[in-house]
Protein chains: 2
Amino acid sequence: MAKNSDNEKAITIYDIAKEAGVSPSTVSRVLTNSVNVRPEKRERIEALIEKYNFRPNAMAKGLSDTRSRVLGVLMADIRNPFYSAVYVACENAALARGYRVILSCTLGETEREIEQLDIMKQQRVESIIQIGGRVDAVITDSSYIKKAKEISAQLPIITSGKIDEVSCYRVVIDANEAIRLLTEHLIGLGHERIALVGGRLDVISTYEKYMTYCRILKEHGIPINKRYVYEGRYDYDAGYSGVQELFAMKEKPTAIIAINDFCAAGVIRKLIEDGYRVPEDVSVVSYDNTYITNLIFPKLTSIDYDYETFGKMLADTAIDVANGMSVPTFRTVTPRLVIRESSAARK
Amino acid sequence: MAKNSDNEKAITIYDIAKEAGVSPSTVSRVLTNSVNVRPEKRERIEALIEKYNFRPNAMAKGLSDTRSRVLGVLMADIRNPFYSAVYVACENAALARGYRVILSCTLGETEREIEQLDIMKQQRVESIIQIGGRVDAVITDSSYIKKAKEISAQLPIITSGKIDEVSCYRVVIDANEAIRLLTEHLIGLGHERIALVGGRLDVISTYEKYMTYCRILKEHGIPINKRYVYEGRYDYDAGYSGVQELFAMKEKPTAIIAINDFCAAGVIRKLIEDGYRVPEDVSVVSYDNTYITNLIFPKLTSIDYDYETFGKMLADTAIDVANGMSVPTFRTVTPRLVIRESSAARK
DNA sequence: TGCACATTTGAAATCGGTTTCAACAAATCA
DNA sequence: TGATTTGTTGAAACCGATTTCAAATGTGCA
């Protein structure tokens with residue numbers, strides 16, 4: 001049975017050295033493959049490593065290295081499919097460059113967030129990737145800002161969002177382009193009464209979207225109706241209640257831009273419950289292009305961010321900065337429209 | 001701007017000690033709060049810690065501690081909502097007991113899996129939690145088995161599945177109970193032509209479900225029709241093509257048990273495309289009770305595992321075993337039926 | 001004031017690797 | 001053959017914390 005306690009100490013290079021009749025330095029040289037070791041000794045050492053399944057203690061190694069080759073990834077909740085997609089892409093990119101990643105989910109608790117930043121510092125991560133930019137917890141808690149400021153003075157923070165008052169490298173989705181794609185897609189389909197559902201205007205990216213939405217409507221000579229903007233959270237319920245409110249109006253929207261796929265699912269649900277057909281009566285589109293888009297009925301038209309590229313850009317920035325390379329402090333990811341079944345020409 | 005290179009060395013207890021005019025030991029005593037330190041010195045030291053935002057190097061700490069207080073969690077893919085739910089629950093439970101967690105996704109690549117096991121060993125994790133039991137990669141790769149065997153000889157492995165030939169602690173969902181709940185639920189609704197869609201019978205838990213399904217049908221005097229069992233993967237497509245095949249038959253099923261929520265989404269999609277109504281014409285139920293159940297239309301009846309409890313059981317087992325406590329090598333989690341809209345009485 | 005005892009403290013060893021430096025051995029060259 | 005260069009090796013220092021041990025200091029009581 002799997003060993004159920006930590007009784008026997010782990011093998012060390014000293015043990016290997018003694019049994020092989022060489023010095024620890026020589027064992028280390030075999031491990032790091034740094035300089036020549038006489039073949040016969042090398043073989044003896046390798047045989048012992050194999051025999052005992054020896055693996056060098058990462059703490060000891062980390063102590064003598066100046067570099068940790070570890071990145072920290074901080075996010076609200078890995079259960080969110082957007083976050084998990086970015087995370088996996090980040091991890092892949094980091095691994096490809098010889099870095100490990102430590103993940104931390106804060107579940108929106110500021111205390112935990114602060115604590116985790118400290119832990120990452122103790123782990124001597126080379127940089128911290130913050131995914132989400134405090135989108136989920138809109139309240140910019142001052143104790144968090146203080147900690148983030150402190151940390152950012154000592155190691156680079158790369159974020160997909162923005163942290164108030166904290167200077168960091170930003171790899172950001174081009175929100176203007178995203179909303180432009182959606183709005184023009186809908187306008188192209190003949191829609192004019194286009195509603196925005198979910199998201200809060202005090203969150204930067206959401207506000208940017210709103211502004212661009214207004215600009216584009218104006219460009220097309222479509223009047224802006226503030227009542228077509230339903231603020232709310234970033235979830236299913238926001239979509240559901242958004243429809244409830246919007247469709248109580250006389251001039252009902254013919255198209256809805258939901259703030260993400262969850263929200264869109266709520267939107268569609270409520271529409272169907274109320275007897276509307278999607279997309280025949282109402283078109284619904286959203287952001288994120290998570291796998292949810294393919295699960296629901298009808299399949300969702302959504303904005304894709306190319307997670308592989310996005311995650312890679314985050315990880316590469318983190319690693320480049322840690323290696324002292326000069327890196328732009330602001331980079332954008334260009335979104336792409338994926339048309340599926342939920343949007344169609346206006347009747 | 002965030003420091004863009006690792007030029008200045010980090011502060012150490014020696015720096016603090018020198019500036020405070022005490023020995024490093026005293027600084028360490030303040031950090032660990034182990035013994036008394038004269039209040040005036042303690043204050044001076046604490047002030048310096050604050051001043052420099054000093055955080056002790058985790059490597060150095062880890063080197064002198066015999067215990068790492070770290071668990072490793074290995075899984076196929078964190079993007080799977082089932083896995084991410086279990087992961088978060090695990091992490092919460094571990095954190096509550098003062099343990100950190102390192103996550104590793106193998107994305108089904110055996111090579112990566114083996115590599116990550118080694119990394120965890122190097123990190124001196126106290127035990128390894130394997131979520132998924134190689135369900136996703138049915139092929140039990142011999143090189144993986146070999147590595148897992150080697151590892152399990154040195155540190156405890158806790159799994160939610162099963163690893164061939166490798167002895168480990170198992171915390172397993174009671175598959176028999178799960179299928180019993182679903183089958184009896186459907187029979188209670190008057191269904192007799194109940195199909196199984198998705199999953200492969202060479203995966204233990206799937207096979208167990210099949211066997212119990214047969215037993216229960218027999219108990220109720222319902223004839224077993226092997227053609228109602230559609231083997232496939234654990235995804236949307238399996239559900240989709242399952243319906244395609246099953247509904248080409250003359251005696252069409254009136255109820256479907258999908259192997260998980262993804263699969264159920266595919267099932268429902270194809271049913272609707274083909275003009276069936278759910279649940280009026282066909283009832284659909286599944287396992288896992290992920291948030292997908294609430295996103296799709298109709299909302300899915302599914303089997304819940306109480307992720308908090310499940311994750312906690314995994315983490316607690318891992319920690320208890322690491323602490324030499326005697327722990328049962330087999331524990332089960334009792335599933336619970338959550339009835340939603342997708343199942344109804346047979347017409 | 002002096003002795004016994006408790007509290008605080010620093011020096012040094014330790015954890016397990018890597019790396020520098022100097023010594024030694026082998027190979028090359030004159 | 002002897003001098004020079006190159007290749008291997010081990011001893012010891014180092015990374016940054018914790019911990020043991022013994023010394024130094026402080027306190028209580030006669």
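Residue numbers begin at 1 in each chain, while the letters A, B, ... track the order of the sequences. In what follows, every heavy atom counts, from backbone to side chain, and hydrogens, waters and symmetry copies are set aside. Being a predicted model, the structure only gives us computed values, none of them experimental.
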What is the distance, to the nearest angstrom, from the [atom1] atom on [X] to the [atom2] atom on [N]?
X       : N       : atom1 : atom2 : value
K121(A) : dG16(D) : NZ    : C1'   : 15 Å
R42(B)  : dT8(C)  : CZ    : P     : 10 Å
Q122(A) : dC15(D) : CD    : P     : 20 Å
M59(A)  : dG16(C) : CE    : C1'   : 11 Å
R44(A)  : dT8(D)  : CZ    : C1'   : 13 Å
R67(A)  : dC15(D) : CZ    : P     : 18 Å
N33(A)  : dT18(C) : CG    : P     : 12 Å
D65(A)  : dC14(D) : CG    : C1'   : 13 Å

Please find the pair of heavy atoms, one from R29(A) and one from V37(A), that lie closest to each other, and give the distance.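 Looking at all heavy atoms of both residues, the shortest contact is CB-CG2, 3.9 Å.
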Are OP1 or OP2 of [N] and a side-chain N or O of [X] less than 4.0 angstrom apart?
X      : N       : value
N36(A) : dT8(D)  : yes
N57(B) : dA17(D) : no
T66(A) : dC15(D) : no
S64(A) : dG17(C) : no
K41(B) : dT8(C)  : no

Are any of the side-chain heavy atoms of R331(A) and V172(A) separated by less than 4.5 Å?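 When only atoms from C-beta onward are counted, V172(A) and R331(A) do not touch, as no gap falls below 4.5 Å.
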Residues of residues 13-24 of chain B with any non-hydrogen atom less than 4.0 angstrom from an atom of DNA chain C: list those, numerically ordered, please.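 Those residues whose heavy atoms fall under 4.0 Å from DNA chain C, taken from residues 13-24 of chain B in numerical order, are V22(B), S23(B).
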Look only at the side chain of D15(B) and the backbone of I11(B), and say whether a donor-acceptor pair between them is shorter than 3.5 Å.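 Looks like no, no N/O pair under 3.5 Å.
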Side chain of K121(B), backbone of N53(A): donor and acceptor closer than 3.5 Å?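 At least one qualifying donor-acceptor pair exists.
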First encountered from the 5' end of DNA chain C, between A60(A) and R38(A):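 Closest to the 5' end, via its nearest nucleotide, is A60(A).
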For [N], does the base pair up with any side-chain atom of [X] as donor and acceptor (N or O, under 3.5 Å, distance only)?
X       : N       : value
R124(B) : dG16(C) : no
R29(A)  : dG10(D) : yes
S25(A)  : dA11(D) : yes

How about K312(A): does its NZ atom have over 12 heavy atoms from other parts shown lying under 6.0 Å from it?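 Not more than 12 within 6.0 Å, no.
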If you count the non-hydrogen atoms of other residues, nucleotides and ligands that lie under 6.0 Å from CD in E111(B), is the total more than 12?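 12 or below, so no.
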Give the ring-plane orientation class for F82(B) versus F310(B), where under 30° counts as parallel, over 60° as perpendicular and anything between as tilted.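 F82(B) and F310(B): tilted rings.
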From the options dT9(D), dT9(C), dA17(D), select the nucleotide whose nearest atom is closest to the side chain of V37(A).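 Nearest nucleotide to the side chain: dT9(D).
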State whether D65(A) and R67(A) are salt-bridged, where the test is any N-O pair (Lys NZ or Arg NE/NH1/NH2 against Asp/Glu carboxylate O) under 4.0 Å.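 Salt bridge: no.
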Enter the inter-axis angle for the ends of the helix from dT1(C)-dA30(D) to dA30(C)-dT1(D) (five pairs per end, rounded to 10°).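 That helix has its two terminal axes inclined by roughly 40°.
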Is S28(A) touching bases, backbone alone, or none of the nucleic acid, heavy atoms closer than 4.0 Å?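 Since a base atom lies under 4.0 Å of S28(A), the category is base.
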At under 4.0 Å between heavy atoms, what does S34(B) touch on the DNA or RNA strands: base, sugar-phosphate, or nothing?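 No contact.
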So, applying side-chain contact (heavy atoms from CB on, under 4.5 Å) with S127(B), which one of L71(B), T317(B), V321(B) is it?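 So the option named by the test is L71(B).
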Distance-only side-chain donor-acceptor flag, R42(A) / N33(A), under 3.5 Å: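 Indeed, the side chains of R42(A) and N33(A) share at least one donor-acceptor pair under 3.5 Å.
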